[in-house]
Number of protein chains: 2
Amino acid sequence: MVRKTKEEAELTRRHILDAARRVFLECGVARTTLEKVAAAAGVTRGAVYWHFRNKTDLFFGMREQATLPFVDRVVFDEAEADPLQGIERALREIIHIMEDQPETRETIEILSFKCEYVEEFSGLRLRTPGQLEFLAGLTAAYQRAAAKGLLRAGLDPTIVAQDTFVFVGGLIKHWLSSEPDECFRAGALALIRTHIALRRA
Amino acid sequence: MVRKTKEEAELTRRHILDAARRVFLECGVARTTLEKVAAAAGVTRGAVYWHFRNKTDLFFGMREQATLPFVDRVVFDEAEADPLQGIERALREIIHIMEDQPETRETIEILSFKCEYVEEFSGLRLRTPGQLEFLAGLTAAYQRAAAKGLLRAGLDPTIVAQDTFVFVGGLIKHWLSSEPDECFRAGALALIRTHIALRRA
DNA sequence: CTATTTACATACATCCATGATTGTATAAAA
DNA sequence: TTTTATACAATCATGGATGTATGTAAATAG
């Protein structure tokens, strides 16, 4: 047993997190055993238990990595001349994140389809701070659009924001469920464009 | 051990299915043990194994019950004078089913949040026949609306149908995740109304 | 250079869910 | 009425996952 340096240890920690994501995706969280994760990472359970308290800890560790891209890239610029275009760009950005960041995409897929929201995981299901912030950003953007007269007449910015929020939830779900070569993925951007165009004055 | 008549046996079968739904909802499918189901149904595992091959069989048995209300109640009348109103009614019907059929609602909640789509369950995730039929119904209805000049100018019925399809997916997800007293539930019907109104000429 | 801690691997004990087997009293068939 | 199949309950054997405890060699602190 050759002892590792601090940097090497941090590396195995990442390997374990990566392996966990792969195994979670393939087996689902519940059927994932720390033995499988260890094997996939090329270590033993001893290493896994050294870096993480248990499977739940490992799960939350993996989840943490995936939230970062969103808070960085999905933003609403308040100074945007056309807030509706800002919303459209934000929605497109979500798709792009899933397209060019496989780890993030896989983690979202795990959270969406490979995880049961009970007991220690049930807290993740209700609106998370990030989700609420996104909804708030949408609402504010639609309000700015309304103030600029860009929103179609008679539309309540709050309602429209909720509508888009719901749309995004469904979009992610269906996008993840569609095959990479399926037309739905290619059509996602068109869907987003139509979605926004419907709201424009 | 007093042997039951055929009718009594059918009754315990239903009791087991009901109990399974409750336990699935509380513990998630993976952590549900047949011992828990048996206890919740007031029987032993012997009875469960008599009526169902294993947990998977029990799961699909429960699922079968829930699909029926939808094919019955969520329909598109081709003779409808206003197809958009027909779509709106269909969407409202989905909400109403979840409101006044707790068993159906609970089953959908299990399928949405208490089940991992791996191995024997992975088939349920891709578009099921029922979902495809619903999408086809939406597309046809929007096409009829377009033919009658009821659809807003410049909208592609196929795209709009996909948009509504995505909307419904997100709507169910968020509706299930919201608390019964939360404003989102009350606002769901308003959301639907706005969603359709946006598409009207 | 010595002591201690780190970063794991290995081994162990425990528990629990599963599926199968067996037992049994009675409904239903003949 | 006798026989057989039914509808379970009770018991058993097995495996597999978990957490912990121990071993260990090298990195690091002093």
Side-chain angles (χ1 to χ4, degrees), chain A residues 1-62 110 114-116 118-121, chain B residues 1-62 110 114-116 118-121:
Chain A
M1 182 61 254
V2 189
R3 166 156 179 215
K4 310 292 184 61
T5 68
K6 275 191 188 297
E7 304 83 48
E8 286 173 322
E10 177 58 25
L11 224 145
T12 62
R13 196 190 119 96
R14 282 164 188 263
H15 285 335
I16 291 171
L17 276 175
D18 279 8
R21 181 162 27 77
R22 292 200 302 273
V23 182
F24 281 153
L25 188 65
E26 191 191 331
C27 307
V29 175
R31 296 185 184 184
T32 288
T33 163
L34 295 189
E35 172 60 37
K36 288 180 188 170
V37 173
V43 295
T44 67
R45 275 171 53 236
V48 178
Y49 274 104
W50 173 257
H51 288 284
F52 303 94
R53 294 214 330 280
N54 48 33
K55 189 165 72 177
T56 306
D57 192 28
L58 185 55
F59 176 85
F60 280 93
M62 174 204 68
I110 291 166
K114 312 298 179 86
C115 163
E116 303 184 354
V118 290
E119 311 221 350
E120 64 264 43
F121 302 116
Chain B
M1 183 62 253
V2 190
R3 167 159 177 212
K4 310 291 185 61
T5 67
K6 275 191 186 299
E7 304 82 50
E8 286 172 323
E10 176 57 26
L11 225 144
T12 61
R13 196 189 119 95
R14 284 165 187 262
H15 285 333
I16 292 171
L17 276 173
D18 279 8
R21 181 162 25 77
R22 292 200 303 273
V23 181
F24 281 153
L25 188 64
E26 191 191 332
C27 307
V29 175
R31 296 184 184 185
T32 289
T33 163
L34 295 189
E35 172 60 37
K36 288 180 188 170
V37 173
V43 295
T44 68
R45 274 172 51 238
V48 177
Y49 274 104
W50 174 255
H51 288 283
F52 303 93
R53 292 213 333 276
N54 48 33
K55 190 165 71 177
T56 306
D57 192 27
L58 184 55
F59 176 84
F60 280 93
M62 174 205 69
I110 291 166
K114 312 298 177 85
C115 165
E116 303 183 356
V118 290
E119 311 220 350
E120 65 265 43
F121 303 116

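Note: hydrogens, waters and symmetry copies are ignored here, and every other heavy atom, side chains too, is used. Lettering of chains follows the sequences in order, A, B, ..., and the numbering in each one begins at 1.
- The CZ atom of B/R14 sits 7.5 Å away from atom CG of B/L11, with the distance rounded to the nearest 0.5 Å.
- The line from CD of A/E116 to CZ of B/F24 is 9.5 Å long, rounded to the nearest 0.5 Å.
- Taking atom CG of residue B/L11 and atom P of nucleotide D/dT6, one finds them 19 Å apart after rounding to whole Å.
- If you check C/dA9, D/dT28, D/dC8 against the side chain of A/V43, the one that comes closest is C/dA9.
- Side-chain contact between A/I110 and A/M62 is present, with heavy atoms from C-beta onward closer than 4.5 Å.
- A salt bridge (Lys or Arg N to Asp or Glu O under 4.0 Å) check over residues 32-55 of chain A, counting only residues at least two apart or in different chains, returns nothing.
- Under the rule for a side-chain contact (heavy atoms from CB on, under 4.5 Å), the partners of A/T56 that lie at least two apart in sequence or sit in another chain are A/N54, A/F60, A/E120, A/F121.
- Across the protein-nucleic acid pair, A/H15 atom NE2 and C/dA7 atom C1' stand 15 Å apart, rounded to whole Å.
- Counting to the nearest Å, the C1' atom of D/dT6 and the CD atom of B/E10 are 14 Å from each other.
- The side chain of B/W50 lies closest to D/dC8 when the candidates are D/dA27, C/dA9, D/dC8.
- Between B/H51 and D/dC8 there is a side-chain polar atom (N or O) within less than 4.0 angstrom of OP1 or OP2.
- Note on A/K4: every side-chain N or O is 4.0 Å or more away from OP1 and OP2 of C/dA7.
- Put simply, CD1 on B/I16 is 7 Å from P on D/dC8, counting in whole angstrom units.
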Quick one, give me the B/S/- string for nucleotides 15-21 of chain C, reading 5' to 3', where B means a protein heavy atom under 4.0 Å from the base and S means that only happens at the primed atoms, P, OP1 or OP2. --SBB--
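- Under 4.0 angstrom from either OP1 or OP2 of C/dT26 there lies no side-chain N or O belonging to B/T5.
- Using a 4.5 Å heavy-atom cutoff, the side chains of B/V118 and A/E26 are not in contact.
- The residue A/T44 sits close to a base: some heavy atom pair falls under 4.0 Å.
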